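Take a look at the structure set out below.
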Amino acid sequence: MGTNRSNSEAAWRIGPLRCYGDPLSGVFLENLGIKDFIRLEISSPSEIMFAIDVGTGPIELIAQSPALLNDNQWHYVRAERNLKETSLQVDSLPRVSREISDESHFQLQLNSQLFGEHHEDRKAS
């Protein structure tokens, strides 16, 4: 997600994640406002979902993998919203994107803390 300046950007990188609860899905990060929200989750063993609402209704992007993602291996997930589009990419799979409406505001209006799991665990070799 970017900032209000046209040539600037901001990024938040999270480390290793550990999911609890439903063995088939898990939330990587989530933050909620009165109307706005952002959520990134593994919605099934082979799907990552990025959902965001910036004032014009929710957008959901789903990246489907031909292989299972809960395979005890590291995977690359990039979710982005900029001035032009919302996008999601998983590993080297084709990027999923949707253009942004001019009616949406750019800055998320959120009123809760960002939820995310960050642990210093290292993957076994």
Side-chain angles (χ1 to χ4, degrees):
M1 288 184 286
T3 66
N4 289 330
R5 294 186 300 260
S6 60
N7 292 324
S8 62
E9 65 178 31
W12 187 62
R13 186 180 301 270
I14 56 177
L17 301 171
R18 180 180 295 155
C19 298
Y20 299 92
D22 183 347
L24 299 179
S25 66
V27 175
F28 296 154
L29 67 88
E30 182 176 64
N31 200 324
L32 305 173
I34 295 173
K35 291 185 178 179
D36 295 5
F37 69 84
I38 183 170
R39 182 172 57 254
L40 182 64
E41 68 180 12
I42 180 168
S43 52
S44 81
S46 60
E47 290 183 347
I48 301 292
M49 182 180 72
F50 179 40
I52 188 169
D53 189 340
V54 289
T56 57
I59 294 175
E60 286 187 359
L61 298 178
I62 295 178
Q64 294 185 323
S65 172
L68 294 179
L69 298 169
N70 60 349
D71 58 357
N72 202 32
Q73 301 296 316
W74 293 113
H75 294 277
Y76 172 85
V77 177
R78 179 182 178 127
E80 180 179 357
R81 181 188 183 273
N82 57 41
L83 289 171
K84 296 180 180 179
E85 66 180 2
T86 302
S87 64
L88 173 64
Q89 184 170 10
V90 176
D91 293 333
S92 59
L93 297 170
R95 193 170 63 99
V96 180
S97 65
R98 187 175 304 173
E99 289 186 6
I100 291 176
S101 162
D102 290 337
E103 299 173 7
S104 66
H105 52 263
F106 187 70
Q107 186 174 1
L108 283 163
Q109 298 174 358
L110 304 168
N111 58 10
S112 68
Q113 293 186 348
L114 182 68
F115 167 82
E117 292 292 331
H118 179 198
H119 296 272
E120 294 300 324
D121 299 344
R122 299 285 185 253
K123 182 175 71 72
S125 52

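FYI, side chains are in, hydrogens and waters are out, and symmetry mates aren't considered; it's all heavy atoms of this structure. A quick note: this is a predicted structure, and the numbers were derived from the prediction, not measured. One is the number of the first residue; the rest follow in order along the sequence.
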If you look at every heavy atom in [X] and [Y], which pair is closest and at what distance?
X: Q73; Y: H75; result: O-CD2, 3.2 Å
X: L93; Y: Q64; result: CD1-O, 3.6 Å
X: R81; Y: I52; result: CD-CD1, 3.6 Å

Q: Output the distance between atom CZ (R98) and atom CD (E85), rounded to the nearest 0.5 Å.
A: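 That separation rounds to 11.5 Å.
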Q) About how many Å separate OG of S46 and CG of D71, when rounded to the nearest 0.5 Å? A)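 Answer for the CG-OG pair, D71 versus S46, is 11.5 Å.
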**Q.** Those residues that, when tested against E60, pass side-chain hydrogen bond (donor to acceptor under 3.5 Å, both in side chains) (two or more places apart)
**A.**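 For E60, no residue satisfies side-chain hydrogen bond (donor to acceptor under 3.5 Å, both in side chains) once neighbours in sequence are set aside.
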Q: List the steps and the verdict of side chain to side chain contact (heavy atoms under 4.5 Å, CB included) for V77 and L88.
A: CA-CA 7 Å; V77 177; L88 173 64; 4.1 Å; yes
Q: Output, in order, the C-alpha distance, side-chain angles, deciding distance and verdict of side chain to side chain contact (heavy atoms under 4.5 Å, CB included) for D91 and L69.
A: CA-CA 10 Å; D91 293 333; L69 298 169; 4.1 Å; yes
Q.
Can you confirm whether I48 sits close enough to L40 that some side-chain heavy atom of one is under 4.5 Å from a side-chain heavy atom of the other?
A.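 Yes, close enough: below the 4.5 Å cut-off.
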(Q) With heavy-atom distances below 4.5 Å as the criterion, would you say the side chains of I100 and T86 are in contact? (A)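 Answer yes - side chains close enough.
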Q: Establish whether I38 and M49 are linked, either directly or via other cluster members, by ILVMFWY side-chain heavy-atom contacts under 4.5 Å.
A: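 In one cluster with I38: M49, no.
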Q. What do the steps show when you test F50 against I59 for side chain to side chain contact (heavy atoms under 4.5 Å, CB included), and what is the final call?
A. CA-CA 8 Å; F50 179 40; I59 294 175; over 6 Å; no
(Q) Tell me whether R95 is salt-bridged to E80, with the criterion being a basic N under 4.0 Å from an acidic carboxylate O. (A)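 A salt bridge is absent here (no side-chain N lies under 4.0 Å from a carboxylate O).
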